[in-house]
Amino acid sequence: MKILIGLLLLAPAIACADSPFDGTWKTRLDSLKFAGKPDVFVVARDTFSCNSCAPQIKIKADGNDQPVSGHAYYDTVAAKLGPNSVELTHKKAGKTTLVLVYAVSEDGDTLDGKFTDYTGAQPVSGNFTEKRVAAGAAGRNKLSGSWRTNKVTDVADAGATVTYAMSADSLKMSSNGVSYDAKFDGKDYPMAGDPGNTAVSVKRLGSHAIEETDKRQGKVTDVVHSTVSKDGKTLHVVDEDKTHGVRTEYTMDKQS
């Protein structure tokens, strides 16, 4: 999961009181908004391609594990095609990390998705829908074309909650077995428990706002701005996915 030097003068005052970030937060699914580049899939004969993946994936869709390179969370993908659906099983070093199932509606305008993410301490499953934004080539599987996520209808609590603890000079985060303890010094710190080997740096943008920058192999993947409301009850998050060109915005409610 993204200090102005002048604000360092505020550190003594902040240290004397609980940070508004402290506590556990849960994503409000109906607040999720998505913008930017769409998902682009191509199904042609016996191949499946994800042109929007970074790097692009193009594999034989025979249900067997196919090697792919350049991806942090998987090194093989197996694609099992149905008439208007695909089941994708991602693995890293032989261990399943993500299962995705996409099924196209009869009218061809909606893509129903299901996922199970195995990268945390507990498997996290959920459901979502995507809307077609561009058609695929004539005569190809209905899955072919461009799609944008428009709604997430269900996510297990383990994947929708995060816990923060902020001090005058650092921020701690934990979520489903993944955690970091990063100082507000601009340096990169490891995200423990993350099979993608993400490194994190954090900046304080005031008593109620932080900026998190995620990197993999030295390259920025996400920049995340998080702002706590004045009443301390909600957390507004904007995640700029630099790898895929996608912006995700949502609100979290404080649980404790």
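Under the side-chain hydrogen bond (donor to acceptor under 3.5 Å, both in side chains) test applied with Y73, the options H90, R216, K91, K92 reduce to a single match, R216. Residue E211 forms a side chain to side chain contact (heavy atoms under 4.5 Å, CB included) with just one option from V238, V223, V202, and that option is V223.
L81 and V99 are members of different hydrophobic clusters when ILVMFWY side chains are connected at heavy-atom separations under 4.5 Å. V101 and I59 fall into different hydrophobic clusters, defined by Ile, Leu, Val, Met, Phe, Trp and Tyr side-chain heavy atoms under 4.5 Å apart, directly or through other members. A continuous path of Ile, Leu, Val, Met, Phe, Trp and Tyr side chains, each step under 4.5 Å between heavy atoms, connects V86 with L100, placing both in one hydrophobic cluster. Side-chain heavy atoms closer than 4.5 Å link hydrophobic residues (I, L, V, M, F, W, Y) into clusters, and following such links, possibly through other members, connects F128 to L32. A continuous path of ILVMFWY side-chain contacts below 4.5 Å connects L235 to V152, so both sit in one hydrophobic cluster.
Other residues, nucleotides and ligands contribute only 12 or fewer heavy atoms inside 6.0 Å of the CD atom of Q217. The environment of NZ in K58 is sparse: at most 12 heavy-atom neighbours from other residues, nucleotides or ligands sit within 6.0 Å. More than 12 heavy atoms of other residues, nucleotides or ligands lie within 6.0 Å of NZ in K254, so this atom counts as buried by the packing criterion.
Side-chain contact between Y250 and S31: present, with at least one pair of heavy atoms (C-beta onward) separated by less than 4.5 Å. Side-chain contact between L171 and Y189: absent, with no pair of heavy atoms (C-beta onward) separated by less than 4.5 Å. A heavy-atom distance below 4.5 Å is not found between the side chains of M173 and F21. Side chains of N150 and R148 form no contact here, defined as non-hydrogen atoms less than 4.5 Å apart.
Panel note: side chain N197, backbone A72; no donor-acceptor pair is recorded below 3.5 Å. Without hydrogens or angle criteria, S175 side chain to T161 main chain gives a donor-acceptor distance under 3.5 Å.
Atom-to-atom distance recorded for S226:OG and M252:CE is 8.5 Å, nearest 0.5 angstrom. Note that the OH atom of Y102 and the OG atom of S85 stand 12.5 Å from one another [nearest 0.5 Å]. R247 contributes atom CZ, which lies 12.5 Å from atom CZ of F34 (distance to the nearest 0.5 angstrom). One distance of note links NE2 of H225 with CD of E212; it measures 11.0 Å at 0.5 Å rounding.
Counting all heavy atoms, side chain and backbone alike, A121 lies closest to G177 at CB-CA, 3.8 Å.
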Let me see the working for N51 and S49 under side chain to side chain donor-acceptor pair (under 3.5 Å), right down to the final yes or no.
CA-CA 6 Å; N51 293 347; S49 299; 4.5 Å; no
Evaluate the side-chain contact (heavy atoms from CB on, under 4.5 Å) criterion for residues L98 and Y74: first the C-alpha distance (whole Å), next the side-chain angles of each, then the deciding distance (0.1 Å), finally the verdict.
CA-CA 8 Å; L98 176 67; Y74 51 93; 5.8 Å; no
Please evaluate residues S105 and D112 with respect to the criterion side chain to side chain donor-acceptor pair (under 3.5 Å), reporting the C-alpha separation (whole Å), side-chain torsions for both, the decisive distance (0.1 Å), and the verdict.
CA-CA 7 Å; S105 62; D112 291 318; over 6 Å; no
Side chain to side chain donor-acceptor pair (under 3.5 Å) between T234 and T251: does it pass, once the steps are laid out?
CA-CA 7 Å; T234 61; T251 298; over 6 Å; no
